[in-house]
*Asks:* 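Here it is: the structure, laid out below.
In this chain, numbering begins with 1 at the start of the sequence shown. Model, not experiment: these values are computed from the prediction.
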Amino acid sequence: MDPTSLEPLGPRDALDGTLDTVAMGERVRSLRLRAGLSTAELAIRAGLSAGVISQIERGLGNPSLKTLERLRVALGVSLMTLIEGTPARNADPSFVRRLTARPHLTVGPLAIDKAILSPAATEGLRLLLVTMPVGSRIDEMLREEGQKAGLVLRGRICLTVDDEGCVLNEGDSFQFSAALPHVLWNDGPRPAEIVWIMAGPTFATPA
């Protein structure tokens, strides 16, 4: 079989986990008003433009994970509070994230999918499942204190960390300081799927 004809990886299309940007925008606006901040003041705190804040609050576009991280730090909440709101009470313990309950961030012109695997109650560690279409690239990365690591589940990716690059195939793994500049892209013949891990104080909820 021609590898370029393979179906997209992962169960993304079968799940109802698409990020509700309108609901998230309403949460951002509510949190901003609760903090007594104007759009301009929140923009300054988050290091974003007022236009970006306005777009997010209106549910327009697909903000990147980096943008959401800046917002949640500026607002003093967890990423899950920003994305999901208050978790609904259910029969599962707080340390579980069900397959059908994964929030998905779809970013970039080629629709890179980032599924959040970490349960809502966790802090200090972020676990994602990233599906990268052929030709897609991630270079808007958080550079903060901590560590980043990953495992290539399927496909092939190129990873550059601090100007040192390599090709990673299925089964290969990596780990590096999150403070270093890094770029990830898929130059292979089919979509790639990567478990992506971020750990450190940056990924904990602000006090």
*Asks:* How about Gln147 and Phe176: do any of their side-chain heavy atoms sit closer than 4.5 Å?
*Replies:* no
*Asks:* Are side-chain heavy atoms of Thr67 and Arg70 found at a separation under 4.5 Å?
*Replies:* no
*Asks:* Do Val77 and Leu71 have side-chain heavy atoms sitting under 4.5 Å apart?
*Replies:* no
*Asks:* Can you give the donor-acceptor pairs under 3.5 Å from side chains of residues 158-169 to other protein atoms, not counting sequence neighbours?
*Replies:*
none

*Asks:* Are Val152 and Ile157 close enough that some pair of their side-chain heavy atoms sits under 4.5 Å apart?
*Replies:* yes
*Asks:* Any side-chain heavy atom of Leu129 within less than 4.5 Å of one from Arg102?
*Replies:* yes
*Asks:* Compute whether any side-chain donor of one residue and acceptor of the other, for Lys114 and His104, lie under 3.5 angstrom apart.
*Replies:* no
*Asks:* So, taking the atom named CD1 in Ile194 and the one named CZ in Phe174, what distance separates them when rounded to the nearest 0.5 Å?
*Replies:* 7.0 Å
*Asks:* Give a yes or no on whether a salt bridge exists between Glu84 and Arg97, defined as a side-chain N under 4.0 angstrom from a carboxylate O.
*Replies:* yes
*Asks:* Got Pro191 and Val134 here, is their nearest side-chain heavy-atom distance under 4.5 Å?
*Replies:* yes
*Asks:* Would you say that Ile138 contacts Val183 through its side chain, given a criterion of any heavy-atom pair below 4.5 Å between the two side chains?
*Replies:* no
*Asks:* Going by salt bridge (Lys or Arg N to Asp or Glu O under 4.0 Å), Arg32 matches just one of Glu57, Glu26, Glu41. Which one?
*Replies:* Glu57
*Asks:* Is a side-chain donor or acceptor of Thr21 paired with a backbone partner of Gly59 at a separation under 3.5 angstrom?
*Replies:* yes
